[in-house]
Colleague: 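Dropping the structure in here first, questions after.
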Amino acid sequence: MRLSIVLSTHAAQFQAVAFKGDFESNVSKIAALGYDGVELAIRDPALVDADAVLKVVSAHGLAVPAMGTGQAWGEEGLSFTDPDAAIRASAVERVKSHAPLAARFGAVIIIGLLRGIVRPGVDPGQAMVWLVDALRQCCAAARPCGVRLALEPICRYETTLINTVAQGLELIGHVGADNLGLLLDTFHMNIEEPSIEDSIRACGDRIFHFHVSDSNRWYPGAGHLDFPSMLDALFSTGYQGFVSGEFMPLPDADTSARQGIAFLRALEF
Ligand code: LER
Ligand code: MN
C-alpha cells in the first residue's frame, strides 16, 4: 500500500491538514516517517514555483498523487455553483490552471468543496446544471494533458451537493468524461453511506483517489472505523492508487502522522 499525507503549500485555514507551514521541512519530516507521497493542497497554482516544489519532493523520494483545490473555495469563495457567472468562470479557470502542474506531478486534481453549496434561493436543479457544465469544461481542458479529475462526495455538514457515492456516480455518468472519477473519503462515507464497503465496491474502477481518517477525523486507529474491512474492499476493486491521510493534526501534527502510518503499515496491505 502506498501512503501519502495532505500537505499545504501555503498557510491554510482547513482543519484536517496535518502539515501546514514550512514546505521543505514538512516534506523532509513526512519522508522520514515513511510516507511514499504528499498530496498537495494548492489554492492557486500561479503562486506555486513548480520547479522548486518538484525539486524538494523528488529529493526526498516522494510522489505527488493528488492536488487539492478546496482552498480556492475556503479562502477566496470560488465555486462551480455560485449564482454569479463571473465567480463560476473563475472557479473553472482556476481548476484548468491546475492541469499543467498536475501533469508534471502525475497527480489527479481533486474537486472537493470547490463545487460549492446550493445557496438559499438557488434552484438545486440549476446548481446541478452549472456543476455538470463546469466539470465538462475542466475535464476537456485536462484530457490533453493526460490529467484526471476526482470529485469527492462530501458529507451533509459541509455541502448540499453530492453527499453520497451513488450521487457521485450518477453525476459522473451525466458529465460523460472518461477522465472524471471519484475521491472516496472514509470520514464522509462513515456519515453518508449505508455500507462503506458496498459503496467502495460499487465505485469500482472509478475510484481515482482515497482519503483516510478515522470516525472522529483523527488519524486512522484513533476512532472506530474498520480499516481492514474498508481497505480490503478498496483493493479488491483493483485500486492501484495512493491511500492518503487527511486527518486533524491532533494531538499534534507530528504525532498524528506518526500514529497514522504506524497503524496503517501494521495492516496486511
Ligand atoms: C476535502 O478532501 C474534504 O474531505 C472536505 O472535508 C473538505 O472540507
Ligand atoms: Mn477528503
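One-based numbering, in listed order, for ligands and for the atoms of each.
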Colleague: Count the heavy atoms of every other residue, nucleotide or ligand shown that sit under 6.0 Å from CD of Glu170, and state whether that count exceeds 12.
Modeller: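 No, not enclosed.
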Colleague: On the 0 to 90° scale, with breaks at 30° and 60°, tag the Phe210-Tyr239 ring pair as parallel, tilted or perpendicular.
Modeller: tilted
Colleague: Pull out every atom of ligand 1 sitting under 4.0 Å from any heavy atom of Glu152, numbered as shown with elements.
Modeller: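 This gives 1 (C), 2 (O), 3 (C), 4 (O) as the contact atoms.
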Colleague: Less than 3.5 Å apart, any donor N or O on the side chain of Ser25 or Asp22 sitting next to an acceptor on the other?
Modeller: yes
Colleague: I'd like to know if the side chain of Ser199 reaches the main chain of Ser195, judged simply by a donor and an acceptor atom lying under 3.5 Å from each other, with no hydrogens or angles considered.
Modeller: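 Such a contact is found between Ser199 side chain and Ser195 backbone.
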Colleague: Determine whether a donor-acceptor pair (N or O, by modelled atom type, separation under 3.5 Å) exists between the side chain of Arg217 and the backbone of Phe187.
Modeller: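 No.
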Colleague: Mind checking whether Leu113 contacts ligand 1 via backbone (N, CA, C, O), side chain (CB onward), both or neither, at a 4.0 Å heavy-atom cut-off?
Modeller: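 Only the side chain of Leu113 comes within reach of ligand 1.
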Colleague: Within the 4.0 Å heavy-atom shell around His211, which atoms of ligand 1 are there?
Modeller: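 That gives atoms 2 (O) of ligand 1.
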Colleague: By atom name, which N, O or S atom belonging to His211 lies closest to the Mn ion (ligand 2)?
Modeller: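 Closest N, O or S atom of His211 to the Mn ion (ligand 2): ND1.
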Colleague: Taking the six-membered ring of Phe80 (Phe, Tyr or Trp), confirm whether the NZ or CZ of Arg115 is under 6.0 Å from its centre and within 45° of its axis.
Modeller: no
Colleague: Just give me the atom name: the N, O or S atom of Asp185 closest to the Mn ion (ligand 2).
Modeller: OD2
Colleague: One residue to check: Arg217. Relative to ligand 1, which of side chain, backbone, both or neither has a non-hydrogen atom less than 4.0 Å away?
Modeller: side chain
Colleague: In degrees, rounded to 10 degrees, what angle do Glu152 atom OE2 and Glu246 atom OE1 make at the Mn ion (ligand 2)?
Modeller: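 The OE2/OE1 angle about the Mn ion (ligand 2) sits at 180°.
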Colleague: Show which atoms of ligand 1 fall inside a sub-4.0 Å distance from at least one heavy-atom site of Asp185.
Modeller: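 Numbered from 1, ligand 1 contributes 4 (O).
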